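Everything on this sheet refers to the single structure shown next.
Just so it is clear: chains get the letters A, B, ... in the order the sequence lines come, proteins before strands, and each one is counted from 1. What you are looking at is a predicted structure, and each value in this text was computed from that prediction instead of being measured.
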Amino acid sequence: MLRTHTCGELNKEHIGQTVSLCGWVAKIRDHGGGKFIDLRDRYGITQIVIDSTSPAAAMESVQPVRPEWVIKVVGEVKTRPAGQDNPKIVTGEIELHVTQLEVLNPCVTPPFVPNQKDLPNEDLRLKHRYLDLRRESMQETLVLRSRIIKAMRDYSAKHDFIDVETPILGRSTPEGARDYLVPSRVHNGQFYALPQSPQIYKQIMMVAGYDRYVQVARCFRDEDLRADRQPEFTQLDMEMSFVDSDDVIGIIDGMMQELAKDILGIDVQLPLPRITYDDAMTRFGHDAPDMRFGVEIIDLTDIAKKTDFRVFRSVADSGNFVRAIVAPGGQAKYSRRGIDELTKFVQENFGAKGLAWFRVEEDGTLNSTIAKNFETSELAEIASKTEAKPGDLVLIIADTWETSCKALYALRKRIGIDLELYDPKEMHFSWVVEFPMFEHDAEGDRWNAMHHPFTAPLESDLELLKTDPSKTRAQAYDLIINGYEAGGGTIRIHDSGVQQQVFGLLGLDEQSAQERFGFLLDALKYGAPPHGGIALGIDRVVMLFGGLENIRDCIAFPKTQKATDMMTEAPNIVEATQLTELGIELAQKDDDE
RNA sequence: GGCGCUGUAGCUCAAUUGGUUAGAGUCCCGGACUGUCGAUCCGGAGGUUGCGGGUUCGAUUCCCGUCAGCGUCGCCA
């Protein structure tokens, strides 16, 4: 070893010892007569001193040293002069007086230094990721990620889960997200697909009798990115046999409790709260509500039906909805201009026709530019139903169910931030359960699977498959942390009759089902146990546990919004010979399109 | 694909209503300094204002296009 210690471990107990350290030069403070150097590695920073008492050779070798050079120093650990301790670093009580200094490798002048005061723009950070990853906060996050994954694996192992690796090169099944395709050289014209999830393999593991499966699985989806979405991401993928929803939820409940305790030192009460999908949509307008704060949606459609205010009345009469949320103390935050801002926000992003609002005056009455359209009694009824208090702002969307959900959800999220309605450090775990089996396909006159086509309906809803599929609820459950979908799973269909029924509703005849999933359908005939599972988005869990705002900071080498890697410049144009070998010819790009 | 924000020195930012030679801090280079830890002090270098076009006597500023990063809607079973 080139070093005897790391830069984060020396303290008063080492005083008098001769040690060697290796690391990167974080900062040089040159006083002419002597130099102080902050030497950094991932464990911390140690101040090293070279002055007139140091050997001439050491003075000589330190002369050209610049920030981010990699050096090795040997020296004696000494206490600092009285009053010169640095309480900001753990090694701040000591310093290393150098007797030998060796440059292990110089560094060209970096475009930015890792711990500079102002964070460089993200594109620069991504381009020079090796520098960015030297930053303390990135190192903390990657350590956090490692600890979380280890804790998940330990928990899984403790509960008899077997870790199995499934293929990365698989079969394309054009359901759901777009596949990343990989051309086959051996079979020109044919393609593998990278897994969107190991879904089918893990079900087959159940058929094979492996009872409890787990995998830290890389997954790929060729869809557009978001702050919380990467094209390549990591799931904790699990599957269990002889279980129902409660069993799977129970396993994850326990895992979250342990993670919260081990990683954050937080005590989480079990069972984690559950609400149904219908409830979530009615109360929060979304299937992954942030439940760190209240502000639930209030339905005013009944009142709207009675008023002469045409805007509300016509919406209510046409079977649509007038729904509201109350921004507590919102008047202080949102002036007329602020409300205009919110109006624009819901109109432009969600196609809402408008945003109606009322201020609650000191005496509890509602005031607004539209107030004159209402009877005093109607205003009083709105005030009482929304339970709005003086200083509050009532925000109302009159629109279709879908638009009101989206707009009110977004408004709620926004006022939660603007009005600081929750402690950003708080962690809230919950479940949303009983998702609908199907959602209606806007284009064709058919149903789409909300999860995937192997999701089992609730036992109690089996009849509805025949009578009213839209009302059929699934044995599906999503884990929600602070308003993010951190994971989701289902109990699978193991009854071939039910499976046929579901395929039928999805517009899949026996033949096309056989073509797409034949291997799974075959496997299910060979003694498939009742089974179900879940997948947790590890990147998102890390983001949430780390209190971070985007998923890129949780991934060592993330992609940009256009799905490129700024450091390696992937994807890239390949050699013509590679394409020829694969039997691929690129279509001419048509500029007229 | 739509909408929005951003792009000025290596880095982080400023530049009044469209007006002289585009500034500051930091980094970098040179010098001074024996206790700093955002060291300090002196001096210096450093610019295709992302790129292309337009309007104008004059554009960092206004307009159009384009590229890149970010956010968001669509999309993500």
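Regarding A/Leu39, its CG atom lies at a distance of 19 Å from the P atom of B/C37, rounded to whole Å. Between the NZ atom of A/Lys559 and the C1' atom of B/C70 there is a distance of 18 Å, rounded to whole Å. The CZ atom of A/Arg129 sits 14 Å away from the P atom of B/G69 (whole-angstrom rounding). Taking atom CG of A/Asp123 as the reference point, atom C1' of B/C70 lies 9 Å away to the nearest angstrom. The distance between atom CZ of A/Phe36 and atom P of B/G38, rounded to the nearest whole Å, is 13 Å. Spacing between atom CZ of A/Arg80 and atom P of B/A39 amounts to 13 Å, rounded to whole angstrom units. Look at CZ on A/Arg226: it is 7 Å from P on B/G74, rounded to the nearest Å. One can place NE2 of A/His97 at 12 Å from C1' of B/U36, the figure rounded to the nearest angstrom.
Each of B/G38, B/C33, B/G35 was ranked by its minimum atom distance to the side chain of A/Gln84; first place goes to B/G35. Distance from the side chain of A/Pro81 is smallest for B/G35 among the nucleotides B/G35, B/G2, B/C76. Among B/C76, B/G71, B/C37, the nucleotide with an atom closest to any side-chain atom of A/Asn550 is B/G71. For A/Glu122, counting side-chain heavy atoms from C-beta on, the closest listed nucleotide (B/G69, B/G71, B/C76) is B/G69. The A/Met566 side chain lies nearest to B/G69 when the options are B/C28, B/A39, B/G69. Listed nucleotides B/C37, B/A68, B/C76 differ in distance to A/Lys562; the shortest reach to its side chain belongs to B/A68. Here the nucleotide nearest the side chain of A/Ala177, chosen from B/C11, B/U36, B/C76, is B/C76. Comparing B/G10, B/U36, B/U72 against the side chain of A/Asn349 picks out B/U72 as the nearest. Listed nucleotides: B/C76, B/C33, B/G74. Nearest to the side chain of A/Asp30: B/C33. When distances are taken from the side chain of A/Asn121 to each of B/U12, B/U36, B/C75, the shortest belongs to B/U12.
B/G25 and B/C62 are spaced 30 Å apart, taking the C1' atom of each and rounding to whole Å. When the P atom is used for both B/G7 and B/A45, the distance is 28 Å, rounded to whole Å. Comparing the P positions of B/A39 and B/U26 gives a spacing of 10 Å, expressed to the nearest Å. Using C1' as the reference atom, B/U34 and B/C41 are 16 Å apart when rounded to the nearest Å. Rounded to the nearest Å, the gap between the C1' atom of B/C28 and that of B/C11 is 11 Å. Nucleotides B/G54 and B/A59 place their P atoms 12 Å apart, quoted to the nearest Å. For B/U12 and B/G31, the P atoms lie 29 Å apart once the distance is rounded to whole Å. The P atoms of B/U60 and B/C76 are separated by 45 Å, rounded to the nearest whole Å.
Scanning residues 41-55 of chain A for heavy-atom distances under 4.0 Å to RNA chain B yields A/Gln47, A/Ser52.
Counting atom types as modelled, A/Glu348 pairs no side-chain N or O with a base atom of B/G2 as donor and acceptor under 3.5 Å. One donor-acceptor pair, N or O on each side, does fall under 3.5 Å between the base of B/G71 and the side chain of A/Gln561. Remark: the A/Asn86 side chain and the B/C37 base include a donor-acceptor N/O pair separated by less than 3.5 Å.
Around atom NZ of A/Lys559, more than 12 heavy atoms belonging to other residues, nucleotides or ligands sit under 6.0 Å away. Residue-environment remark: CZ (A/Arg80) exceeds the threshold of 12 foreign heavy atoms within 6.0 Å.
For A/His286 and A/Phe284, the distance between ring centers is not under 6.0 angstrom. Separation of the A/His494 and A/His531 ring centroids does not fall under the 6.0 Å cut-off.
Geometrically, A/Arg473 does not engage A/Tyr277 in a cation-pi contact, judged by NZ or CZ lying under 6.0 Å from the ring centre and within 45° of the ring axis. Geometric assessment of A/Arg323 against the ring of A/Trp401 yields a positive cation-pi assignment under the 6.0 Å and 45° thresholds.
Side-chain contact between A/Cys219 and A/Gln196 is absent, with no heavy-atom pair separated by less than 4.5 Å. You'll find the side chain of A/Phe36 stays beyond 4.5 Å of the side chain of A/Ile48, heavy atoms only. No side-chain heavy atom of A/Leu194 sits under 4.5 Å from any side-chain heavy atom of A/Asp179.
Counting non-hydrogen atoms under 4.0 angstrom, A/Gln347 reaches nothing in the nucleic acid. Residue contacts shown for A/Pro67 are limited to sugar-phosphate atoms, with no base heavy atom under 4.0 Å away.
The existence of a salt bridge linking A/Glu136 and A/Arg42 is excluded, since no basic side-chain nitrogen approaches an acidic carboxylate oxygen closer than 4.0 Å. Ion pair A/Arg221/A/Glu232 not flagged as a salt bridge, since none of the NZ, NE, NH1 or NH2 atoms sits closer than 4.0 Å to an Asp/Glu carboxylate oxygen.
Taking a pair to require two hydrogen-bonding distances under 3.5 Å in either a Watson-Crick or a G-U wobble arrangement, B/A22 remains unpaired. In this structure, B/U34 makes no Watson-Crick or G-U wobble pair, since no nucleotide meets both defining distances under 3.5 angstrom. As the counterpart of B/C28, B/G44 is assigned, both hydrogen-bonding distances of the Watson-Crick or G-U wobble pattern falling under 3.5 Å. Within the shown strands, B/G54 is the pairing partner of B/C62 under the Watson-Crick or G-U definition, both distances less than 3.5 Å. B/A68 is paired with B/U6 under the Watson-Crick or G-U wobble criterion, all donor-acceptor distances under 3.5 Å.
Lacking a ring centre under 5.5 Å from that of the base six-membered ring together with a plane angle below 30°, A/His31 does not count as stacked on B/G35. Aromatic stacking of A/Phe112 on B/C11: not satisfied for centres closer than 5.5 Å together with planes under 30 degrees.
For the pair A/Lys35 and B/C37, the criterion of a side-chain N or O lying under 4.0 Å from OP1 or OP2 is not met. An OP1 or OP2 oxygen of B/C29 is reached within less than 4.0 angstrom by a side-chain nitrogen or oxygen of A/Arg66. The phosphate of B/G74 has OP1 or OP2 within less than 4.0 Å of a side-chain N or O from A/Lys406. The side chain of A/Lys88 places an N or O atom within less than 4.0 Å of a non-bridging phosphate oxygen (OP1 or OP2) of B/G38. OP1 or OP2 of B/G69 sits under 4.0 Å from a side-chain N or O of A/Thr564. OP1 and OP2 of B/C75 both lie 4.0 Å or more from every side-chain N or O belonging to A/Arg229. Phosphate contact (OP1/OP2 of B/G71, side-chain N/O of A/Arg552, threshold under 4.0 Å): present. Taking 4.0 angstrom as the limit, A/Thr109 places none of its side-chain polar atoms (N or O) nearer than this to OP1 or OP2 of B/G10.
Between A/Phe350 and A/Gln199, the residue whose closest nucleotide on RNA chain B is further toward the 5' end is A/Phe350. Nearer to the 5' terminus of RNA chain B, by closest-nucleotide assignment, is the contact made by A/Val113 (compared with the other of A/Val113 and A/Pro453).
Considering every non-hydrogen atom in both A/Thr99 and A/Ala58, the closest pair reads O-CB, 3.9 Å.
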